[in-house]
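Okay, so here's the structure we're looking at.
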Amino acid sequence: MGNLILVRHGEPGLKPGDRLSGWIDIPLSRKGIEEALECATALANIEIDLAFASNLVRTQETLCIILSGQKKAGVFVHEETENEEGPERLEWYSYPDKLGKDLIPIYTTPALNERYYGKLQGRKKQKMEEKYGVENVSRWRWDFEPGPPEGESLKAVYERTVPFFRKKVMPVLEDGKNVLICAHQSSLRALVKYIEGISDEDIKEVRFSTGELAIYHFSEGKLVRENEELGPELKRNI
Ligand SMILES: O=C(O)[C@@H](CO)OP(=O)(O)O
C-alpha cells in the first residue's frame, strides 16, 4: 500500500486572512513560493509516483515547486477526450499509459477546487464580517453546513471531493503508489473528514495553514496520519 501526502497550496497573492479567494485564480505570493520550497525539502526523501492538483493555479504552482525536489519530473496529464465520436482522437504523448517511468503524472481536477464562495467570493473577510456578522462568516467558513450565500458549504465540497478521491486516488494507493494531493483549505478539510472519520461537529476545529502537510500511511487497511494530529491544537488559521 502506498503513502498519501496532502498539502495545502502556499500563500496566494490574496492572503487567505484578508480575502476569500474561492475560485478566483490567484498565483502564489513570495511567501507562498518559499512555503512550497520548504515542502519540497520535507518531501525530498519520499518518492512520489503520482500527483493531483485542483484547476486553480495556486495548487498547480505549489505542486510543481514541490516536485522540483524529486528525482523524476512532473508532467501534466491530458486525459483522452471523452468524446470518441470527435473528428479525430489525438494521441497526446501525455496519456497516462504513454508516460515514461521516469516522469510523475500530474492530474488536475475541479473536484479538488476550493469552495465557491458565492456572495463572499473575492471579498475582504473583514468587510463581510461587518456586513453579515462575524459569527455568520465563521459558521459559513468552518461548519459542515450551511455555506455562504449562493456559495458552497463544506458538505457540498465533500460531495464532490470525496467521490473523486475514492474513484481516482484510493485505487493507486492500494496499488502501492505514493500519492501527493495539493489542494485547498475546504477540499483538504473534506478529505481529512473522510479519511479520519471526523464528525460533522468536530470538523469545525480542523484547519490547514498554507503549505501545511498531512502525511498518511496504511495500517490495518486504514489510512493513519503520521505527522502531528489535525485537531483543535492545530495552528489556528488566519
Ligand atoms: O479561498 C480562500 O480564500 C481560502 C480560504 O478559504 O482557501 P484556499 O486559500 O485554501 O484556496
Side-chain angles (χ1 to χ4, degrees), residues 6-29 32 52-63 107-169 181-196 198-212 214 230-232 234-238:
L6 303 180
V7 63
R8 182 176 172 202
H9 58 79
E11 181 194 78
L14 287 182
K15 289 180 182 43
D18 298 345
R19 286 182 187 274
L20 297 166
S21 328
W23 288 2
I24 298 178
D25 213 1
I26 304 140
L28 297 180
S29 65
F52 295 86
S54 74
N55 275 13
L56 298 169
V57 77
R58 52 192 186 269
T59 63
Q60 296 177 10
E61 285 181 349
T62 302
L63 190 56
Y107 295 81
T108 58
T109 172
L112 291 172
N113 275 10
E114 176 50 87
R115 74 169 69 195
Y116 177 65
Y117 265 105
K119 286 196 168 180
L120 276 58
Q121 182 123 313
R123 308 297 301 277
K124 273 190 173 293
K125 186 165 75 79
Q126 193 184 341
K127 284 265 181 272
M128 295 295 98
E129 289 172 341
E130 286 160 14
K131 178 172 183 176
Y132 294 104
V134 174
E135 261 311 295
N136 277 330
V137 173
S138 176
R139 278 181 48 236
W140 295 336
R141 291 184 78 192
W142 306 119
D143 289 10
F144 195 49
E145 51 182 347
E150 297 172 26
E152 287 183 294
S153 64
L154 181 59
K155 182 170 185 283
V157 175
Y158 183 99
E159 288 166 354
R160 59 174 159 83
T161 303
V162 171
F164 174 85
F165 178 78
R166 293 179 59 179
K167 182 173 175 215
K168 293 284 189 179
V169 180
I181 297 178
C182 184
H184 301 267
Q185 180 71 263
S186 301
S187 42
L188 289 173
R189 292 177 69 231
L191 287 179
V192 167
K193 181 178 196 304
Y194 171 71
I195 293 165
E196 300 193 23
I198 297 173
S199 71
D200 294 3
E201 184 59 26
D202 292 346
I203 193 61
K204 288 178 190 170
E205 297 307 323
V206 173
R207 309 257 196 287
F208 271 83
S209 297
T210 49
E212 177 152 2
L230 280 175
L234 190 74
K235 284 175 268 177
R236 297 293 297 184
N237 196 23
I238 39 181

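Just so you know, these numbers come straight off a predicted model, no measurement behind them. These values consider heavy atoms only, across backbone and side chains, with no hydrogens, waters or symmetry-generated copies.
Distance check, rounded to the nearest 0.5 Å: CZ of R115 to NZ of K155 gives 13.5 Å. Distance check, rounded to the nearest 0.5 Å: OG of S199 to CD1 of I203 gives 8.0 Å. Put simply, CG on L112 and CZ on F164 are 5.5 Å apart, with the number rounded to the nearest 0.5 Å. Here F144 contributes atom CZ and S153 contributes atom OG; the two are 7.0 Å apart, rounded to the nearest 0.5 Å. Rounded to the nearest 0.5 angstrom, I24 CD1 and E114 CD are separated by 11.5 Å. In this structure, L56 CG and D25 CG are separated by 5.0 Å, a value rounded to the nearest 0.5 Å.
For the residue pair S54 / T59, a side-chain donor-acceptor distance below 3.5 Å is found, with atom types taken as modelled.
In terms of heavy atoms, S186 sits closest to L154 at O-CD1, 3.4 Å. Summarising the geometry of L20 relative to R141, their closest heavy-atom pair is CD2-NE, 3.5 Å, with the distance given to 0.1 Å. Listed here is the closest heavy atom pair of T161 and A190: CB-CB, 4.4 Å. Of all non-hydrogen atoms in V192 and I198, the two that sit nearest each other are CG1-CD1, 3.7 Å. Scanning both residues, T210 and P12, for their nearest heavy atoms gives CG2-CD, 4.3 Å.
Look at K125 and E129 and you find a salt bridge, because one of the NZ, NE, NH1 or NH2 atoms lies within 4.0 Å of a carboxylate O, short of that distance. Checked for salt-bridge contact, E212 and R8 miss the test: no charged N lies under 4.0 Å from a carboxylate O. The existence of a salt bridge linking R58 and E11 is excluded, since no basic side-chain nitrogen approaches an acidic carboxylate oxygen closer than 4.0 Å. The residues K193 and E196 are annotated as not salt-bridged, no charged nitrogen and carboxylate oxygen being separated by less than 4.0 angstrom.
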Exercise for the section: Could you go through the side-chain contact (heavy atoms from CB on, under 4.5 Å) check for F165 and I181 one step at a time? Expected result: CA-CA 10 Å; F165 178 78; I181 297 178; 3.9 Å; yes
Exercise for the section: With salt bridge (Lys or Arg N to Asp or Glu O under 4.0 Å) as the test, would you mind laying out the steps for R139 and E135 before giving the verdict? Expected result: CA-CA 6 Å; R139 278 181 48 236; E135 261 311 295; 5.9 Å; no
Practice task
List the steps, then state whether side-chain contact (heavy atoms from CB on, under 4.5 Å) holds for W140 with E145.
Solution key: CA-CA 7 Å; W140 295 336; E145 51 182 347; over 6 Å; no
Problem - Working for side-chain contact (heavy atoms from CB on, under 4.5 Å), residues T62 and L28 - result: CA-CA 8 Å; T62 302; L28 297 180; 3.5 Å; yes
Exercise for the section: Any chance you could lay out the side-chain contact (heavy atoms from CB on, under 4.5 Å) test for W142 and Q185, step after step, and finish with the verdict? Expected result: CA-CA 10 Å; W142 306 119; Q185 180 71 263; 3.8 Å; yes
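When side chains are defined from C-beta on, F52 does not count as touching T108, because their heavy atoms never get closer than 4.5 Å. Taking 4.5 Å as the limit, every side-chain heavy atom of V57 sits out of range of all side-chain heavy atoms of I26.
Side-chain atoms of N113 come within 3.5 Å of backbone atoms of N55 as a donor-acceptor pair (strictly under, hydrogens ignored).
Using the six-membered ring where Trp is involved, Y116 and W23 have ring planes that are tilted, between 30° and 60° apart.
Crowding of R123 atom CZ: a count of heavy atoms from other residues, nucleotides or ligands under 6.0 Å not exceeding 12.
Checking H184, Q60, E61 one by one against H9, the side chain to side chain contact (heavy atoms under 4.5 Å, CB included) holds for a single residue, H184.
Both the sub-6.0 Å distance and the 45° axial angle are not jointly satisfied by R160 relative to the ring of Y158.
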